[in-house]
2 protein chains.
Amino acid sequence: MARTQGSKAVITGPLVRDAARSLFARHGYSAVSMRQIAAQVGVQVGTLYAYTPDKQALLADLLRGHMQDLLAAWQDDPARPALERLHSFLRFHIATSIERPEAVFLSYMELRSLTPENRRQIATLRRRYEEALETILAAGVAEGTMHIPDLRLATMALIAMLTGVVNWYRDGGRLDQERVVAIYWELVRGAVGA
Amino acid sequence: MARTQGSKAVITGPLVRDAARSLFARHGYSAVSMRQIAAQVGVQVGTLYAYTPDKQALLADLLRGHMQDLLAAWQDDPARPALERLHSFLRFHIATSIERPEAVFLSYMELRSLTPENRRQIATLRRRYEEALETILAAGVAEGTMHIPDLRLATMALIAMLTGVVNWYRDGGRLDQERVVAIYWELVRGAVGA
DNA sequence: GTCTATAAAGGGATAGAC
DNA sequence: GTCTATCCCTTTATAGAC
């Protein structure tokens, strides 16, 4: 589709998403009004509806987009040793948590703000992400390099532990990304009995 | 204070808190209206204001009450071996997560819905709870029975991991409380290098 | 593409009767 | 202790001008 010269569609669209992501993450979906989003973008409320059919779609698009990005970016290699794969997963998850904290935070906090249909859809993507980890743990057990009492629980426990990073990590804080990864790797390696 | 015969104050008060806790946990503070709470209790909206000055105080009281209950119920004995103390903490935290899932869920999800003053106050209680765990980990390191790369991070990681239980545990599900504790204990013991 | 204006509904909170 | 009625404000979303 040709772009009208001087059109701001290509810029306002992302701005709306950015503002929504930031405000939803900070205050929660229900606590944020379309007026607040508009104010942050620098437009009037009515304008938002040129970019989203409604508020709910705005949230659903953010979560779906994030989960799809995650799944597309994650590269696993079943041929490698399970411990190496686990280390890669940990790096990947923490890197994402640090680079896109708002999207990560939103994706696990605001599932309940979705309509049932949207929630089903995004919960499916989320489950696929959890399965990426569970697959690695299963491989480790099969290899004999990991000792895990319950695959499903270990997966949930590790995901919860890793996702917690968004609750305290701050740029310029005591620890940089590399050190956080190193510390979590030691904890995770121990947890999986390696 | 004498109780008027036939007074329902002693019953309606708790009912309001129960309804608010349940609805806030399910839908989020901002998404719940005073009218919804009243409907769940079985009274009209105006009645709620005989039991709380406003909606914000209702949330703050729930969170403060829960954190105070937690801190009052937790019994630690610095004389015992650190690993035993850690096991007790794990049992305590998981038992609470299973017995009062709504309060636990609320307390880590809705801190951001508090006014700054309320948030400060409850964050302080929360930090005291985290310190209960951190103290045990420090003792384990001093004893030489635990090997932990970073005390603060390990504390945050373990709390996040344990609190995640409320996200998937269901009564009558695949695992009962005892088995959940056993599985998490294996994971945690490994994570702390024991 | 963005604005203004407005409709229609629902929000928190209070007053006063019973 | 509870209800009814109401105030006043904000909400989402739409229509139509520019």
Side-chain angles (χ1 to χ4, degrees), chain A residues 1-24 26-63 110 112-118, chain B residues 1-24 26-63 110 112-118:
Chain A
M1 208 168 7
R3 230 161 70 210
T4 309
Q5 201 175 19
S7 160
K8 286 190 175 174
V10 288
I11 181 82
T12 301
L15 281 184
V16 169
R17 294 168 56 90
D18 290 348
R21 186 185 304 109
S22 163
L23 288 167
F24 288 165
R26 202 185 321 274
H27 307 292
Y29 173 76
S30 305
V32 172
S33 69
M34 294 297 271
R35 276 174 176 76
Q36 281 177 272
I37 297 171
Q40 174 126 331
V41 174
V43 296
Q44 297 300 314
V45 207
T47 304
L48 295 181
Y49 291 88
Y51 298 95
T52 182
D54 53 29
K55 192 185 170 189
Q56 169 71 204
L58 201 45
L59 176 66
D61 286 347
L62 287 172
L63 297 200
E110 295 292 358
R112 67 178 173 189
S113 299
L114 294 169
T115 59
E117 193 186 331
N118 284 331
Chain B
M1 207 166 11
R3 232 163 67 212
T4 309
Q5 200 174 20
S7 159
K8 286 190 175 175
V10 289
I11 180 82
T12 301
L15 281 185
V16 169
R17 294 168 55 90
D18 290 348
R21 186 186 304 108
S22 163
L23 288 167
F24 288 165
R26 202 184 323 273
H27 307 290
Y29 173 76
S30 306
V32 173
S33 70
M34 294 297 273
R35 283 171 173 79
Q36 280 177 272
I37 297 172
Q40 174 126 331
V41 174
V43 296
Q44 297 301 314
V45 205
T47 304
L48 295 182
Y49 291 88
Y51 298 95
T52 182
D54 53 30
K55 191 184 171 191
Q56 168 71 205
L58 201 45
L59 177 65
D61 287 346
L62 287 173
L63 298 200
E110 295 292 358
R112 67 176 173 191
S113 298
L114 295 168
T115 58
E117 194 187 330
N118 284 330

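Per chain, numbering begins at 1; letters A, B, ... match sequence-line order.
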State which residues pass side chain to side chain contact (heavy atoms under 4.5 Å, CB included) with Arg26(B); sequence neighbours excluded, sorted by chain then number.
Ser22(B)

Calculate the interatomic distance between Ile37(B) atom CD1 and dG10(C) atom P; express it in whole Å.
17 Å

Below 3.5 Å between N/O atoms, which protein atoms pair up with nucleotides 13-15 of chain D? Just atom names and distances, please.
{"unit_1": "dA13(D)", "atom_1": "OP2", "unit_2": "Tyr49(A)", "atom_2": "OH", "d": "3.2"}
{"unit_1": "dA13(D)", "atom_1": "OP2", "unit_2": "Lys55(A)", "atom_2": "N", "d": "3.1"}

Measuring to OP1 and OP2 of dG1(D), would you say a side-chain N or O of Thr12(B) lies under 4.0 angstrom away?
no

Set of side chain to side chain contact (heavy atoms under 4.5 Å, CB included) partners for Pro116(B), sequence neighbours left out
Arg119(B), Arg120(B)

Base, sugar-phosphate alone, or nothing: which one does Val32(A) contact when heavy atoms must sit under 4.0 Å apart?
sugar-phosphate

Atom-pair distance (CG on Leu15(B); C1' on dT2(D)), nearest Å:
14 Å

Measuring to OP1 and OP2 of dG10(C), would you say a side-chain N or O of Ser33(B) lies under 4.0 angstrom away?
no

Which nucleotide sits closest to the side chain of Thr47(A): dG1(C), dC3(C), dT2(D)?
dC3(C)

Tyr51(B), nearest nucleotide to its side chain (from dG1(D), dC3(C), dG12(C)):
dG1(D)

I'd like to check Gln56(B) versus Tyr29(B) (side-chain heavy atoms, cut-off strictly below 4.5 Å). Are they in contact?
yes

Please list all pairs meeting salt bridge (Lys or Arg N to Asp or Glu O under 4.0 Å) that have one or both residues in residues 47-63 of chain A, counting only residues at least two apart or in different chains.
Asp61(A)-Arg64(A)

Partners passing side chain to side chain contact (heavy atoms under 4.5 Å, CB included) against Arg112(A) (at least two apart in sequence or in another chain)
Phe105(B), Met109(B), Glu110(B)

Minimum-distance nucleotide to Val43(A) side chain [options: dC3(C), dT11(D), dC3(D)]
dC3(C)

Let me know the distance between CD of Gln44(B) and C1' of dC3(D), rounded to the nearest Å.
7 Å

Going by the rule side chain to side chain contact (heavy atoms under 4.5 Å, CB included), which residues pair with Ala31(A) if we only count those two or more places apart in sequence or in a different chain?
His27(A), Ser30(B)

